[in-house]
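The sequence lines fix the lettering, A, B, ..., with proteins before strands; numbering per chain opens at 1. Only heavy atoms go into these numbers, but all of them, side chains included; no hydrogens, no water, no symmetry mates.
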Amino acid sequence: MTTHYLVLSVLLFTIGAVGVLIRRNAIVAFMCVELMLNACNLAFVTFARQHGNLDGQIIAFFVMVVAAAEVVVGLAIIVTIFRTRRSASIDDANLLKY
Amino acid sequence: MGETITFWVLAVVSVSAALGLVFSRKAVYSALMLGAVMLSLAVLYAVQDAPFLAAVQIIVYTGAVMMLFLFVLMLVGVDSSDSLVETIRGQRLWAMIAGLGFAVLVALAVGNLVVAPPTGLAGATQGAGGNVPAIAELIFTRHVFAFEVASALLITAALAAMVLAHRERSRPKPTQKVLARARFLSDHPSPLPGPGTYARNNAVDMPALLPDGSISELSVNRVIARHEAEEGGLPEDPKLAEAIRQAVEEESK
Amino acid sequence: METAEIIQGAGGAIGASWLMIALPLLGAAILLLGGRRTNGWGHLLGVAMSLGAFVVAVLSFVQMLGLDDSRRRQAVELFDFIPGMVKMGLLIDPLSISFALLITGVGSLIHIYSIGYMSHDPDRRRFFAYLNLFVAAMLLLVLADNYVGLYIGWEGVGLASYLLIGFWQHKPSAATAAKKAFIVNRVGDFGLAIGIFTIWTTFGSVAYGPVFEVAGEADQGVLTAIGLLLLLGACGKSAQLPLQSWLLDAMEGPTPVSALIHAATMVTAGVYLVVRSGAIFEAASTAQFVVTIVGVATLLAGAIIGCAKDDIKKALAGSTMSQIGYMMLAAGLGPVGYAFAIAHLITHGFFKANMFLGAGSVMHAMNDEVDMRKYGGLFSVMKVTAITFGIGYLAIIGFPLLSGYFTKDGIIESAMHVNPVLGWLAVAGAGITGFYMSRVMFMTFFGKRRWAPDAHPHESPAVMTIPLVILSIGSVFLGAYLILGNRLMLFLAPAVGRPADLPGFHPFSAPGLTTLALVAVGAAIAWAKYGRAEVPQVAPRGSFLTTFARRDLYGDALNESLFMRPGQWLTRIAVFFDNRAVDGLVNGLAAGIGGTSGRMRRLQNGFVRSYALSILFGAAMVVGALLYVGTL
């Protein structure tokens, strides 16, 4: 059963990663990042159960905390960028280049 | 047996919801899909002896984080959906290849593991008398430093969000007197005509009719006009369509 | 070869003989470092230094005459030059003192002459500095008691020669001639250097004494190699075949230079080297035979070239080559020839310097015109010059009882003894000498006046004619004095050894009479063609032989096609290789890196999603690598 959970976690993680790669809307890309974090959490919880050790759950808990903080800051940044550039597209913020 | 059924149902739901998140064109749909994934995961946590995390998942993610996303979507504009054209050449193809490769490789690695039957958390939680007390004990003893750092991080994040979202006023706030003077100096001392006035349908997307029966461009809602111009859903009435097009041009200036 | 032992710790004038080198060197240093401040009295200082060296030489000579034969080789230790290898010292013996007297004596006369000759030249001080430098270097060359010292002097005279040939650098022909002389001399110097290296590795010493003591014991092949290498050096410095090509061009220098360096002294350094290294050459008969071959070939080649030149200095230069060829021939004959070689060298130093200075006097009078076809009939306006030049002329063709008669006859007689073929070739050379020297004499001083319209010939000032007179006196009597009674041979014996039986003087032998007859015939032909007949102002085309001689026997053409052209091609190939291959590689590498970077730069396109894609690829690769490592 553990393997199933892990494969599910891998699938969700990959879908999230691909989403980050192909979506240009900053908010959607951000959601995909959250999806990847959740996939990781699933893996942690699964490992905790597999090993009979609560550390996995605790790490998942901290991931959630950090993710919450990250969402707050990230969304604030998106709002700020949108305010100045009138756009939420990631590709529009490409000034830092060759 | 019960766990297997739950897993397969939720696995199908969460993967489809994740795919929907990635492939739906509208950000709001994506947000809803993400909510579905999170709820599924919350249930999976509960199934895997993690009731505390399941609760936190629902409260923090589905409750707080998702609300934040929706608020920001509202701020940025719900209509700001992606265009379908990919601007970076080969990005989609390569993203698919890399994603597929990554998934296959990690799945191979996971599938090759020789897994003993799960130990279960009964032994770990027994001493504290349940999952939540056990986690609490760990957090406030062994991981207390990380916990404190996390709290500092949250405070910092809140402050950061305030600083980032704060808009510095570059000129004094206009008083009522200033605003009134500006209005009387402009072309329209009176309020703009509301949509639907004298029209056949009293709807927000129907422009107002002037006393002589012609359409007032000023009454067209800009956001709706732009939306309809982009979607190609202009009304059949040529006068109305013309009015909407003019409103969009006005907006783009 | 029986030579006297070298006696250390000389005293008196011989002990102070280092002054001979030091005085002119000091003069050169003062004049070169002093700059314009010394302009006013620089030439006087130069003359004084040269005369000072001459006085020391004479005093040393007198001191030597007072010594017993066995004590006439005196060594003067100076300093440790290269510790453990070379002790610098001077060897004062009859051979070196003869040279020292010639160099300082003729050199001083030419210094005095130059005061007049260069009086209108703004760079006279520099000229005297170079002359002094030359005298110092030449004295070091002949006085040093080891090959390294000789080599330093050898290079020093090469440098002085270069500086003096190119003295009028503003003339491109002079600059080119200087460069040519330097480069051709390099070839010879290279041979000499390798020869000295070989001497060091073979004998473990470069000092004359130790080397000559054991010279006969070395391997025959090594000795032959040393001999040939020394000969190569001698050929370069003495303008012998095959390194003769520079001497004719060297006439671009001021005439006193031609007289001092390129007739009287420096070009005889090769003869000195061969005579000094007699011990080596006698032990290597092959090398010695090659010396005679080179001598005979050059004496004929020089004489033929001399026949066709219209430039008075080049005709004299051809004659110089030819006369040094005689000396080389004699030096290659062994002890029986050394004395004649040196005797001819000394008398030649006098009469050739005399003629060169006479030619300079003529040029001085004719607005620096050198083409003999524009002379003619100068006898009546320049009597002193003409008479002294005539004495030199008679001496060189071997007119009975004048210097050249005795010395050249001695060489021919000795050659006859050793190898009749060489002897008869030398006789033929003497006949040609009679022709071309008469040609010079008649074209210059006799016949009709063919002067340029603006030429107003006049006799030169006394400062120029007095040296001419002194030199012509030497040209008349020196030969008889040195040869009769074998005076020079006996004097030189402690240094170079003496032959088993002393040669007598046979004025009426078959070769002697034949020589006289041939010279008379040559002179008569010259009189018929250039004295009595009209001399055309423009040189006629002439036969193939004339062209051959005018072109210096195609020596330059040979050098150009054999060495210069291939060298130029080699350089071009090297340049091409450098530009295309080496630079191409370096520039290509840089351009490749630059181009690649330019293209790689595009990866930094500013799109976060692109970066994320590469991160995902990287993660996939890491996972793949971990999997692969796990399967190992």
Side-chain angles (χ1 to χ4, degrees), chain A residues 1-8 10-19 21-25 27-28 30-32 34-35 38 41-42 45-46 48-55 57-58 60-62 64-73 75-80 82-83 87-89 91, chain B residues 3 7 11 14-15 18-19 21-22 27 30-31 34 37-38 41 44-45 48-50 53 56 60-61 64-65 68-69 72-73 75-76 80 82 87 91-92 95-96 99 102-103 106-107 110-111 113 115 118-121 123-124 134-135 138-139 143 146 150 153-154 157-158 160-161 164-165:
Chain A
M1 209 59 212
T2 312
T3 315
H4 293 98
Y5 284 107
L6 291 178
V7 172
L8 175 63
V10 169
L11 277 180
L12 292 176
F13 183 90
T14 312
I15 291 168
V18 172
L21 296 188
I22 64 177
R23 293 306 298 260
R24 270 178 294 168
N25 188 321
I27 302 169
V28 177
F30 212 40
M31 288 180 200
C32 292
E34 291 304 314
L35 179 62
N38 272 290
N41 277 354
L42 178 61
V45 170
T46 309
R49 177 174 176 223
Q50 173 70 23
H51 295 294
N53 188 332
L54 275 175
D55 283 347
Q57 292 192 7
I58 296 199
F61 171 71
F62 281 125
M64 285 178 189
V65 173
V66 173
E70 178 217 338
V71 164
V72 169
V73 176
L75 288 175
I77 290 172
I78 288 173
V79 167
T80 316
F82 182 80
R83 202 185 278 154
S87 160
S89 170
D91 287 357
Chain B
E3 193 196 337
F7 173 78
S14 59
V15 170
L19 290 173
L21 155 65
V22 172
S30 296
L34 181 59
V37 177
M38 285 171 172
L41 288 185
L44 285 179
Y45 293 167
Q48 293 205 79
D49 300 344
L53 278 184
V56 172
V60 172
Y61 268 119
V65 172
L68 258 179
F69 271 116
V72 170
L73 270 179
L75 276 174
V76 168
S80 58
D82 282 358
T87 45
Q91 173 81 4
R92 283 195 182 152
M96 291 300 171
F102 181 81
V106 181
V110 171
L113 290 176
V115 186
T119 317
L121 285 165
I135 287 181
L138 272 177
I139 284 178
H143 301 291
L153 177 69
L154 282 172
L164 280 171

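Put simply, CG on B/Leu34 and OH on B/Tyr61 are 9.0 Å apart, with the number rounded to the nearest 0.5 Å. With rounding to the nearest 0.5 Å, the separation of CD1 in A/Ile27 from CG in B/Leu68 is 11.0 Å.
Contact of A/Asn38 with chain B is made through backbone and side chain together, with heavy-atom distances under 4.5 Å. Both the backbone and the side chain of A/Val66 come within less than 4.5 Å of a heavy atom of chain B. For B/Val15, the parts sitting under 4.5 Å from any heavy atom of chain A are the backbone and the side chain alike. In this structure, chain B has a heavy atom under 4.5 Å from the side chain of A/Phe62, while its backbone stays farther away. Interface remark: A/His4 contributes backbone and side-chain atoms alike to the contact with chain B (heavy atom separation under 4.5 Å). Within the 4.5 angstrom heavy-atom criterion, no atom of A/Ser89 approaches chain B. Both the backbone and the side chain of A/Leu42 have a heavy atom closer than 4.5 Å to some heavy atom of chain B. Within the 4.5 angstrom heavy-atom criterion, only side-chain atoms of A/Ile58, from C-beta onward, approach chain B. Heavy-atom distances place both the backbone and the side chain of B/Phe69 under 4.5 Å from chain A. Contact of B/Val110 with chain A is made through backbone and side chain together, with heavy-atom distances under 4.5 Å. Using a 4.5 Å cut-off between heavy atoms, A/Val79 touches chain B through its side chain atoms alone. With a 4.5 angstrom heavy-atom cutoff, A/Tyr5 touches chain B via backbone and side-chain atoms both. In this structure, the portion of A/Leu12 lying under 4.5 Å from any heavy atom of chain B is its side chain and not its backbone.
The shortest distance between side-chain heavy atoms of A/Met31 and B/Leu73 falls below 4.5 Å.
For chain B, the option among A/Thr46, A/Leu6, A/Val7 with the highest count of heavy-atom pairs below 4.5 Å is A/Thr46. Most heavy-atom pairs under 4.5 Å with chain B, from the set A/Thr3, A/Leu54, A/Val65, A/Val71: that is A/Leu54. Per-residue heavy-atom pair counts under 4.5 Å with chain A were compared for B/Ile139, B/Thr119, B/Ile135, B/Val56, and the maximum is reached by B/Thr119. Between chain A and the residues B/Leu75, B/Leu44, B/Leu138, the largest count of heavy-atom pairs under 4.5 Å involves B/Leu138. The most heavy-atom pairs under 4.5 Å with chain A, out of B/Ala64, B/Ala107, B/Ala146, B/Ala158, come from B/Ala146. For the options A/Thr2, A/Asn53, A/Leu35, heavy-atom pairs under 4.5 Å to chain B are most numerous at A/Leu35. Highest contact tally toward chain A, considering only B/Met96, B/Glu3, B/Gln48, is held by B/Gln48 [criterion: heavy-atom pairs under 4.5 Å].
B/Ala157 and A/Val72 make their closest contact through O-CG1, 3.6 Å (heavy atoms, listed as atom of the first residue, atom of the second, distance). Shown here for A/Cys32 and B/Val22, the closest heavy-atom pair between the two residues is SG-CG2, 4.2 Å. Across A/Ile15 and B/Leu19, no two heavy atoms sit closer than the pair CD1-CD2, 3.8 Å. Residues B/Ser14 and A/Leu8 come closest through the heavy atom pair OG-CD1, 3.8 Å. In terms of heavy atoms, A/Val10 sits closest to B/Val106 at CG2-CG1, 3.4 Å. Contact detail for A/Gln50 and B/Pro118: the closest heavy-atom pair is OE1-CA, 3.6 Å.
Checking side-chain atoms of A/Arg23 against main-chain N and O of A/Phe30 turns up no donor-acceptor pair under 3.5 Å. A donor-acceptor pair is defined here as one N or O able to donate and one able to accept, closer than 3.5 Å; no such pair exists between the side chain of A/Glu34 and the backbone of B/Met38.
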